[in-house]
Protein chains: 2
Amino acid sequence: MNASRYADGYARPSLAADIALFTVINGELHLLLIERGESPFKGHWALPGGFVQEYEPIADCARRELGEETGFKAALLEQFGIFDQKGRDPRGWYISVAFMAMTSEKDATIKAGTDAADTRWFPVSHLPDRLAFDHSEIIERALEELGERAGRFDQAIMDPLFAMLPEHFTLSQLQEAFDAIHAGRSKEDKQESDKRNFRKRVLALPGLQAIPGATQRGKHRPAQLYKYNTDRSSG
Amino acid sequence: MNASRYADGYARPSLAADIALFTVINGELHLLLIERGESPFKGHWALPGGFVQEYEPIADCARRELGEETGFKAALLEQFGIFDQKGRDPRGWYISVAFMAMTSEKDATIKAGTDAADTRWFPVSHLPDRLAFDHSEIIERALEELGERAGRFDQAIMDPLFAMLPEHFTLSQLQEAFDAIHAGRSKEDKQESDKRNFRKRVLALPGLQAIPGATQRGKHRPAQLYKYNTDRSSG
DNA sequence: TCAAAAGTGTTAGAGGTACACCCATGA
DNA sequence: TCATGGGTGTACCTCTAACACTTTTGA
């Protein structure tokens, strides 16, 4: 199609970064999608993303596009695949490098970007039916990756996980967020992790500290509040 | 430089696949390099690789280029990184997707490709000083990846590892090959894995079978010969 | 007094790691 | 008989997973 061909005989693909941005809302894992305002796939939901600029490292591109299109800054940005199947984009030879990212709901000043008609968080258990391009496939891979990393308390997961919670939080809140990520499924059929084992593991993390005397009250026994120091050197 | 710019305002990078192809020779890990016959970096050693063709999946490109340039078919081909730092290629905006692969020495019908002046196996402990482009960096990453996968008996490592050995082999030969890969260092300072533990793990693999009555003699106690069935369904 | 969530230890099994001696052969 | 590599088993430690009851509060 409109791929370039040069004197040297080599064609060049269009190269984009697409980002699966996750957060936890009400104990359920959510994914950010934008509604495309332009062809192709106008009116379909798609992952945020965009084309790489000349000489721009692709990871920088992902971070930039995420900011431009949605206003979010990612607390984690990990490349997990290259999507290059022929026919994935009707415009021609378009290759996409996929990233996953997490953010805190409270940073959520969603803005409609230039080519987005709407931007919205979807629970991953109820994503729209028809997504643009091969984005269903990308999302599936992203969920696998996320669940796998969560299972091993990957640093790249834990940091943004803490960032998603209030500054002071209870261990139950932390576990709820973790379970949402780990299962990547609906609230209903998610498999809960063992409370005692979870606490054992998480309390062994450097940076997690109880706040003496601080508790959160409710119609039950008060819960100890904790905070997390991203700055590992202070631990 | 000569990157393309279109009516849509987006530039397109040149996209290549580079392959770090490994084998074990005399118990030492070797890497295949080609001497560049053309500018840039004429006369420097480089990883085999080449540009992706229109609509060609990048993994197919890697396999194709490896065959064209060196005559090898890879028994493993795993993508492990994208190299896109500005300035990595003096010709302009060139991005490279890096793969690692392993092959059996006995498939080694090295041929000089069109743009290669020479092709040669180098022990990874004695690579040439000045490599083309950012290939030193790519190789470093490839070695890390290789060692990590070997450490967990990754299927993608074990299959080609067996392919590198004669059809019938002793467990010592297998361990020697494994150690070479795992350490990725010179024969001298490599850390040997424990013989008994190695045998325990490796004998637990499906597909590895002792050949009754077959032994390899030498100036020592005869060694039991084994074979490996890649076809897992027969196990 | 009841409902709701907080908090708390122990045990069994699996897997990994460390470790040393005898065996069969050829020279 | 010696040098060479082949072959073998056990013990400890760590990590993981399974599992149930008491406590404190608000309604």
Side-chain angles (χ1 to χ4, degrees), chain A residues 26-28 147-155 157-158 165-166 168-180 182-183 187 190-206 208-227, chain B residues 24 26-28 147-155 157-158 165-166 168-180 182-183 187-188 190-206 208-227:
Chain A
N26 293 331
E28 247 187 303
E148 194 179 302
R149 283 166 184 268
R152 37 183 169 90
F153 274 37
D154 190 306
Q155 192 65 246
I157 292 285
M158 295 315 277
L165 295 170
H168 296 171
F169 51 85
T170 67
L171 293 186
S172 295
Q173 287 175 304
L174 179 60
Q175 185 169 11
E176 188 186 36
F178 178 84
D179 283 348
H182 190 38
K187 232 174 172 172
K190 89 170 169 231
Q191 172 141 350
E192 256 176 44
S193 52
D194 183 274
K195 185 164 50 157
R196 281 174 286 192
N197 293 338
F198 179 80
R199 287 174 184 227
K200 235 180 301 178
R201 288 183 73 185
V202 88
L203 287 173
L205 290 177
L208 185 66
Q209 301 178 331
I211 307 165
T215 55
Q216 178 170 291
R217 305 176 73 86
K219 113 181 214 188
H220 51 73
R221 176 171 173 177
Q224 175 65 246
L225 287 170
Y226 290 80
K227 65 178 176 177
Chain B
V24 174
N26 293 331
E28 246 186 304
E148 194 178 301
R149 283 166 184 267
R152 38 184 167 89
F153 273 39
D154 189 306
Q155 192 66 245
I157 293 286
M158 295 315 278
L165 296 170
H168 296 172
F169 51 86
T170 68
L171 292 186
S172 295
Q173 288 175 303
L174 179 60
Q175 184 168 13
E176 188 185 37
F178 178 84
D179 283 348
H182 189 39
K187 232 174 172 171
E188 286 61 81
K190 92 171 166 230
Q191 172 141 347
E192 256 176 44
S193 52
D194 182 274
K195 186 166 45 159
R196 280 174 288 189
N197 293 339
F198 179 79
R199 287 175 184 227
K200 234 181 303 177
R201 288 183 73 185
V202 89
L203 288 173
L205 289 178
L208 186 66
Q209 300 178 331
I211 307 165
T215 54
Q216 178 169 292
R217 304 176 74 86
K219 105 182 221 194
H220 51 73
R221 175 174 174 177
Q224 174 65 246
L225 286 170
Y226 290 80
K227 65 177 175 177

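Just the heavy atoms: all of them, side chains too, but no hydrogens, waters or symmetry mates, feed the values below. By convention in this document, chain letters (A, B, ...) are assigned in the order of the sequence lines, proteins followed by strands, and residues within each chain are numbered from 1.
The shortest heavy-atom contact between A/Pro222 and A/Arg217 is CG-NH1, 4.4 Å. Residues A/Phe153 and A/Met158 approach most closely at O-CG, 3.6 Å, considering heavy atoms.
The closest side-chain heavy-atom distance from A/Glu176 to A/Asp179 is not below 4.5 Å. Side-chain contact between B/Ser172 and B/Arg199: present, with at least one pair of heavy atoms (C-beta onward) separated by less than 4.5 Å. Side-chain atoms of A/Thr215 and A/Leu225, non-hydrogen and from C-beta on, never get closer than 4.5 Å to each other.
Spacing between atom CG of B/Leu203 and atom P of D/dG6 amounts to 14 Å, rounded to whole angstrom units. Whole-Å rounding puts the A/Gln216 CD to C/dA6 C1' distance at 11 Å. Counting to the nearest Å, the P atom of D/dG7 and the CG atom of B/Asn197 are 16 Å from each other. Atom CZ in A/Phe169 sits about 16 Å away from atom C1' in C/dA6, given to the nearest Å. Atom-to-atom, CD of B/Gln175 to P of D/dG7 comes out at 12 Å; the value is rounded to the nearest Å. As rounded to whole Å, 11 Å separates atom P of C/dA20 from atom CG of B/Asp194. The CG atom of A/Leu225 sits 11 Å away from the P atom of C/dA6 (whole-angstrom rounding). Following rounding to the nearest Å, B/Tyr226 (OH) and D/dG7 (P) show an atom-to-atom distance of 6 Å.
Side-chain nitrogen and oxygen atoms of A/Arg199 include at least one within less than 4.0 Å of the OP1 or OP2 phosphate oxygen of C/dG7. Side-chain nitrogen and oxygen atoms of B/Ser172 include none within less than 4.0 Å of the OP1 or OP2 phosphate oxygen of D/dG5.
Contact of A/Arg196 with D/dA20 (side chain to base): a donor-acceptor pair of N or O atoms is detected under 3.5 Å. Donor-acceptor pairing under 3.5 Å, judged by distance alone, is absent between the side chain of B/Lys219 and the base of D/dG5.
Nearest nucleotide to the side chain of A/Lys200, out of D/dG5, D/dT8, D/dA17: D/dA17. Side-chain atoms of A/His220 lie closest to C/dA6 of the nucleotides C/dA18, C/dT25, C/dA6. Of the candidates D/dT24, D/dT8, C/dG7, the closest approach to any side-chain atom of B/Lys195 belongs to D/dT8. Residue B/Arg221 has its side chain nearest to C/dC23 when only C/dA6, C/dC23, C/dG26 are considered.
Among the protein residues, B/Arg217 comes within range of the sugar-phosphate backbone only, with heavy atoms under 4.0 Å from sugar or phosphate atoms but none that close to a base.
Annotation: of the two residues near DNA chain C, B/Arg201 and A/Thr170, the 5′-most nearest-nucleotide partner is A/Thr170.
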